[in-house]
Engineer: 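Below is the structure I would like to discuss, written out as structure tokens.
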Amino acid sequence: MKRFIEGEVRGQGTLLPEHLDDYVAEDNPVRVVDIFVDELDLVSMGFARMVPAKTGRPAYHPAVLLKLYIYGYLNRIQSSRRLEREAQRNVELMWLTGRLAPDFKTIANFRKDNGKAIGKVCRQFVVLCQQLDLFSDAVVAIDGSKFKAVNSSDRNFTDAKLKRRMAEVEANISRYLAELDTADRQEPGTANSKSVRLNDKIAKMKSQMATLKEIEAKLIETGETQISLTDPDARSMMTRGSGIVGYNVQTAVDAKHHLIVEHEVTNNGSDRDQLSGMAKKARTAISTTTLTAIADRGYFKGEEILACHEVGISALVPPTKTSGAKADGRFDKADFIYDPQKNEYRCPAGESLIWRFASVEKGMTNHRYWSSNCKACPLKDKCTPSSQRRVTRWEHQDVLDEMQARLEQTPDAMRIRRSTVEHPYATIKAWMGATHFLTKGLERVKAEMSLHVLAYNFRRLMAILGIPGMLAAIRAYAHFLTLQGLFEAFSLLALPKMLKQHYKPWNARLCSRICLGPPKLALSPSF
């Protein structure tokens, strides 16, 4: 072994034992996890068992288990059994938990019982990023992606799938009965063994048929369109080229630093009704009065865009391409120019399509326009196969026209959307592995997704500020919250008016000092 670097002898003792802190460098990400959790108000966030019982075996403090989970998701260790093993052998986890090693059931129960509180921790981290002025551009990209649930497609049933499966079972039973009749005509020795095997198969098929009928009865009783046996909340959803049984995860990602400012887990496979809700939550998360929300054409819905417009959110969503006339080589609706002064359309032939009547369809008021000169028009073959070309206009079409004008002025909007919101999904799915979610039920899946989003944002902020800068930022923000809380407590005692007038500028100066960046943040303890 000469001329090689040699390790220590395993049985060699040391005179002075090394400190556990010596194994964790000052720029180790585990220190960020430690200080972040220590500065959280876990009681106000609703974590269970914050007040220990007076009798019985002492429990683990929720802060210890929260640190364990955040570290695990940061390092792609999501399983409670794997976290149990890592806590016993991982030096960083020993440092983080103080050599505590909870069993896997305790670790799993913590995630199960504190789903809403874990979601609040994720939102609190976004508040920290907002105080650091990382969302100054107020531009977010919204998108949804399908994540696999703990439920295979074979254990998810729709009405059509049930009928198809029942037909397959009936066909198998008929085939086995025909084979059984053939076996009865063979030699007694061969016939007996084959008859036993076929009868077992027939009995199994009949059992499957009974199970399918029970599922069908339950489907009719509940009124649902589908049912999942392993995870009752999971739903079959269409993806590109195939289907998946899982959940639809919606995210709003900041376009400047690619931080996830808001997320939501739903079992509705369509994105059509998600735009305004996600945009409003994102605006609240980043504490701004104005917001630009970019989404793909899967979010295009007039009511959703109108809802964004009414609250001052600028939506950028390309319209869906569903025109049958355009596909057949005829004039599209875009070829008809609307005149708001006359309230009429001008067709490609120069004729006026005047207003005829208004009707309400699915809660939407639509106006109808057409011309009486269509039959004699020389361009009729390129316009419509009907006797008249009729144009429908929604009563709030001007909102959609304004959005289309903004899209034309922002030609790179879809490129910004794609480069902003799709990367977090790819990263998180790579961290999850092939199975995606490990828990069952919508509420538990939400908690699991919150941990993934928190871990992703942790990584992003580390890349933006660096470990020392992030440590200083958390300390400075915690100190700011302490001073703010003290001032609000004193303000209840009727402080002088002059002091109250100076509070807001002081607050702004402190926030700006927090946002100075890593080199300046080292001075934060002097606040």
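Computed from heavy atoms alone, side chains included, the values below leave out hydrogens, waters and symmetry copies. None of the values given here were measured: they were computed from a predicted structure. FYI, the numbering just counts along the sequence from 1.
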Engineer: Salt bridge or not between Arg418 and Asp412? Use side-chain N to carboxylate O under 4.0 Å.
Structural biologist: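 So Arg418 does not pair with Asp412 through a salt bridge.
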Engineer: Examine the side chains of Gln274 and Tyr299 and answer whether a donor and an acceptor come within less than 3.5 Å of each other.
Structural biologist: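 Short answer, no.
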Engineer: Output yes when a side-chain donor or acceptor of Gln78 lies under 3.5 Å from a complementary backbone atom of Trp431, and no otherwise.
Structural biologist: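 Yes, the answer is positive, given that a donor and an acceptor are paired below the 3.5 Å cut-off.
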Engineer: Relative to each other, are the rings of His436 and Phe147 parallel, tilted or perpendicular (30° and 60° limits)?
Structural biologist: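 The arrangement is tilted - the two ring planes meet at 30° to 60°.
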Engineer: Indicate whether the side chain of Ser136 and that of Lys256 have a donor and an acceptor atom separated by less than 3.5 Å.
Structural biologist: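 Distance-only check passes for Ser136 and Lys256.
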Engineer: Look at the aromatic rings of Tyr69 and Tyr73 and report parallel, tilted or perpendicular, splitting at 30° and 60°.
Structural biologist: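 Tyr69 and Tyr73: tilted rings.
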Engineer: Do you know which two heavy atoms are closest between Ile142 and Val421, and how far apart they sit?
Structural biologist: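 So the two residues come closest at C-CG2, 4.3 Å.
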Engineer: Sequence neighbours left out, cut at 3.5 Å: what donor-acceptor pairs do the side chains of residues 44-58 make with other protein atoms?
Structural biologist:
{"unit_1": "Ser44", "atom_1": "OG", "unit_2": "Asp41", "atom_2": "O", "d": "3.0"}
{"unit_1": "Ser44", "atom_1": "OG", "unit_2": "Asp41", "atom_2": "OD2", "d": "3.1"}

Engineer: With a 4.5 Å heavy-atom cut-off, do Val139 and Leu291 have their side chains touching?
Structural biologist: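 A side-chain contact under 4.5 Å is absent here.
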Engineer: Keeping Glu448 on the side-chain end and Leu438 on the backbone end, is there a donor-acceptor pair under 3.5 Å?
Structural biologist: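 Side chain of Glu448 to backbone of Leu438: a pair is present.
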Engineer: Is the distance between the ring centroids of Phe36 and Phe458 under 6.0 Å?
Structural biologist: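 They qualify: ring centres under 6.0 Å apart.
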Engineer: Would you indicate whether the side-chain heavy atoms of Glu310 and Leu306 approach each other to under 4.5 Å?
Structural biologist: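 In contact.
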Engineer: Closer than 4.0 angstrom, basic N to acidic O: yes or no for Glu84 and Lys105?
Structural biologist: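 No, this pair does not count.
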Engineer: Check whether any side-chain N or O of Arg235 sits under 3.5 Å from a backbone N or O of Pro232 as a donor-acceptor pair, and report yes or no.
Structural biologist: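 Yes, Arg235 side chain to Pro232 backbone: donor-acceptor pair under 3.5 Å.
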Engineer: Under 3.5 Å, sequence neighbours excluded: what are the donor-acceptor pairs made by side chains of residues 402-411?
Structural biologist:
{"unit_1": "Arg406", "atom_1": "NH2", "unit_2": "Ala315", "atom_2": "O", "d": "2.8"}
{"unit_1": "Thr410", "atom_1": "OG1", "unit_2": "Arg406", "atom_2": "O", "d": "3.0"}

Engineer: In sequence, state the C-alpha distance, the side-chain angles, and the governing distance for Tyr456 and Thr427, and then conclude on side-chain hydrogen bond (donor to acceptor under 3.5 Å, both in side chains).
Structural biologist: CA-CA 8 Å; Tyr456 175 83; Thr427 302; 5.4 Å; no
Engineer: Got more than 12 heavy atoms from elsewhere within 6.0 Å of CZ, Arg81?
Structural biologist: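 No, the 6.0 Å shell around CZ holds no more than 12 heavy atoms from other groups.
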Engineer: Is Arg272 paired with Glu304 through a side-chain N to carboxylate O contact shorter than 4.0 Å?
Structural biologist: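 Result for this pair is no, no salt bridge flagged.
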Engineer: Would Asn248 and Asp271 count as a side-chain hydrogen bond (donor to acceptor under 3.5 Å, both in side chains) if you check the C-alpha gap in whole Å, the side-chain angles of each, and the deciding distance to 0.1 Å?
Structural biologist: CA-CA 8 Å; Asn248 185 6; Asp271 296 334; 3.0 Å; yes
Engineer: Going by an N to O cut-off under 4.0 Å, is there a salt bridge joining Glu264 and Lys446?
Structural biologist: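 Between Lys446 and Glu264 there is a salt bridge, with a charged N closer than 4.0 Å to a carboxylate O.
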